[in-house]
Protein chains: 2
Amino acid sequence: MKGPRPRAAAAVQSTPELRRPRFRRQLPQQRRAALIAATIECLKRYGHEGLSIRTISAQAGVSVGLINHHFPNKDELVAAAFRHFNRELVDGLRAAAVRADTPAARMRAFLDASFSPPNLDADVLAVWVVFWGLYRHSRPIQRVQRDTYTGYVRLVRGLLADLLSGADDGGKGRGRRGGVNLRLAAIGLTALLDGLWLEWCLEPGKFRPREAVALCESWVDALCRRATAWN
Amino acid sequence: MKGPRPRAAAAVQSTPELRRPRFRRQLPQQRRAALIAATIECLKRYGHEGLSIRTISAQAGVSVGLINHHFPNKDELVAAAFRHFNRELVDGLRAAAVRADTPAARMRAFLDASFSPPNLDADVLAVWVVFWGLYRHSRPIQRVQRDTYTGYVRLVRGLLADLLSGADDGGKGRGRRGGVNLRLAAIGLTALLDGLWLEWCLEPGKFRPREAVALCESWVDALCRRATAWN
DNA sequence: AAACTTGTTGAACGATCGTACAACAAGGCG
DNA sequence: CGCCTTGTTGTACGATCGTTCAACAAGTTT
């Protein structure tokens, strides 16, 4: 049976003057944003299991069919949510850093923001882990990661470069400040940040936020103070 | 209809002397191990989507019903696979470290093993990420994590403690060697390791294994050389 | 060789999954 | 007001999910 299907009779409203619209039409841009927000909220609440069309549409307060009207399929919705999630993080961290005056203060502000709400929240961090878990088998997620990760790395590298340019310039030239390989320094700091986030996600409370900041700062201090043996 | 259901007639073998058994009975212990191995293999190949009863049983070459004969449900199978995965890693790293003579060599061997096959494999690392993504909403996974993570932390702390006891003992007593807070040092090194693994998982080839080892060693060197400002 | 234990099979179940699509209706325009 | 566009609904579909369980059979015991 592929023909037109019967439809449930609409409830008749006896008092038309009180009848409210059954739904509100919205601009695609707004609806897409709402669906993305609902996707992230479902991820926070239910983890990977929350990534179902029905769960997300219920969270957004819309019907199941609407998602495929605004997104070609579920994977693209999830990827859009990942893009939004990335952008929120990087924009927030950059905004926190840019408010400070000196390179050291900017790094400090960046680290403080990294280890305080809303970023340092176990639910939020678990969302990152789920996204990362999708990475290797989802082309759309890979695309978003490639697009947005460079922004994050550029931010970290910029902060490090400003900070290290104050140190004595042992080895100058391509990507080296104060005798330190800037590329490797950024990789290490990023790893430290991500690793501490992961530990907080798995065991929140094993360390205090200010301890995490201290760990990162002592890493950066070590970079500033001496040229390491990195090739 | 809840009564007994009909069964497909078994294919009749015309030459009984060539007939082989349709399956081989195995000890529960062996079959469980095979199912756990199949689970991990499916995770490597298909990510989170590979965690289905049918995918796993096909990988193991058994029927769908067998899993629930050896495990109470899917979550417990996944948790058992997580436990095995953890044990393999920690045992392997410990075995690598214990072969060396000096504290510095043991740390070096530990780091070398951390950043070489089979551990430093994008598929293997992606399996970790999927497990971690399950953590917050799966009690069995949480239980395994609590059981096994202490072993890993103890290994890292032991390596660090041996290494730091050679440094000048600025502040002695509970958990402090060479003026360094051992607990925080272990947290930092663990975070660095996990973070580098995560980066390798997302972008293998962004750094070389020996660069990762160098990053970790310079972290440890910084610990040895000076008492940091960690509270 | 018959009885027994139990590891193993595979069909069936109800639930839920992502997607498609015809019908409906909200809001703008003439 | 009627027409039109299009955002929105909700049923239906086929596939797949985790789990159950009666039947089967491999291997051991009697």
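All values derive from a computational prediction rather than experimental measurement.
Residue Leu35(B) contributes atom CG, which lies 14 Å from atom P of dT19(D) at whole-angstrom precision. As rounded to whole Å, 15 Å separates atom P of dT20(D) from atom CZ of Phe71(B). To the nearest angstrom, P of dC24(C) lies 10 Å from CZ of Arg22(A). Between the CG atom of Asn68(B) and the C1' atom of dG10(C) there is a distance of 13 Å, given to the nearest Å.
Taking the six-membered ring where tryptophan is involved, the planes of Trp128(B) and Phe82(B) are perpendicular, since the angle between them exceeds 60° and thus also 30°.
Partner of Leu125(B) under the side chain to side chain contact (heavy atoms under 4.5 Å, CB included) criterion, chosen from Asn119(B), Asp194(B), Leu120(B): Leu120(B).
Judged by closest nucleotide on DNA chain C, Val64(B) is the one of Val64(B) and Gly65(A) placed further toward the 5' end.
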Exercise for the section: Tell me, with the steps shown, if Phe207(B) and Leu196(B) meet side chain to side chain contact (heavy atoms under 4.5 Å, CB included). Expected result: CA-CA 9 Å; Phe207(B) 55 88; Leu196(B) 287 168; 4.1 Å; yes

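The backbone N or O of Val127(B) lies less than 3.5 Å from no partner atom in the side chain of Arg136(A), so there is not a single donor-acceptor pair. In this structure a side-chain-to-backbone donor-acceptor pair under 3.5 Å is missing from Ser138(A) to Tyr135(A). Side-chain N or O atoms of His70(A) include none that pairs as donor or acceptor with a backbone N or O of Gln29(A) at under 3.5 Å. Judged by distance alone, with hydrogens and angles left aside, the side-chain atoms of Thr39(B) form a donor-acceptor pair with the main-chain N or O of Leu35(B) at under 3.5 Å. A donor-acceptor pair under 3.5 Å is absent between the side-chain atoms of Asn86(A) and the main chain of Tyr149(A), judged by distance alone.
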Pick out the pairs of N or O atoms, protein on one side and nucleotides 15-17 of chain C on the other, that lie under 3.5 Å.
unit_1: dC17(C); atom_1: OP1; unit_2: Ser52(A); atom_2: OG; d: 3.4

Could you pull out the protein-nucleic contacts involving nucleotides 4-8 of chain D (nitrogen or oxygen on both sides, under 3.5 Å)?
unit_1: dT6(D); atom_1: O4'; unit_2: Arg25(A); atom_2: NH2; d: 3.3
unit_1: dT6(D); atom_1: O2; unit_2: Arg25(A); atom_2: NH1; d: 2.8
unit_1: dT6(D); atom_1: O2; unit_2: Arg25(A); atom_2: NH2; d: 3.1
unit_1: dG7(D); atom_1: OP2; unit_2: His69(A); atom_2: NE2; d: 3.1
unit_1: dG7(D); atom_1: O4'; unit_2: Arg25(A); atom_2: NH2; d: 3.4
unit_1: dG7(D); atom_1: O3'; unit_2: Gln26(A); atom_2: N; d: 3.3
unit_1: dT8(D); atom_1: OP1; unit_2: Arg24(A); atom_2: O; d: 3.0
unit_1: dT8(D); atom_1: OP1; unit_2: Gln26(A); atom_2: N; d: 2.8
unit_1: dT8(D); atom_1: OP1; unit_2: Arg31(A); atom_2: NE; d: 3.0
unit_1: dT8(D); atom_1: OP1; unit_2: Arg31(A); atom_2: NH2; d: 2.5
unit_1: dT8(D); atom_1: OP2; unit_2: Arg31(A); atom_2: NE; d: 3.2
unit_1: dT8(D); atom_1: OP2; unit_2: His70(A); atom_2: NE2; d: 3.0

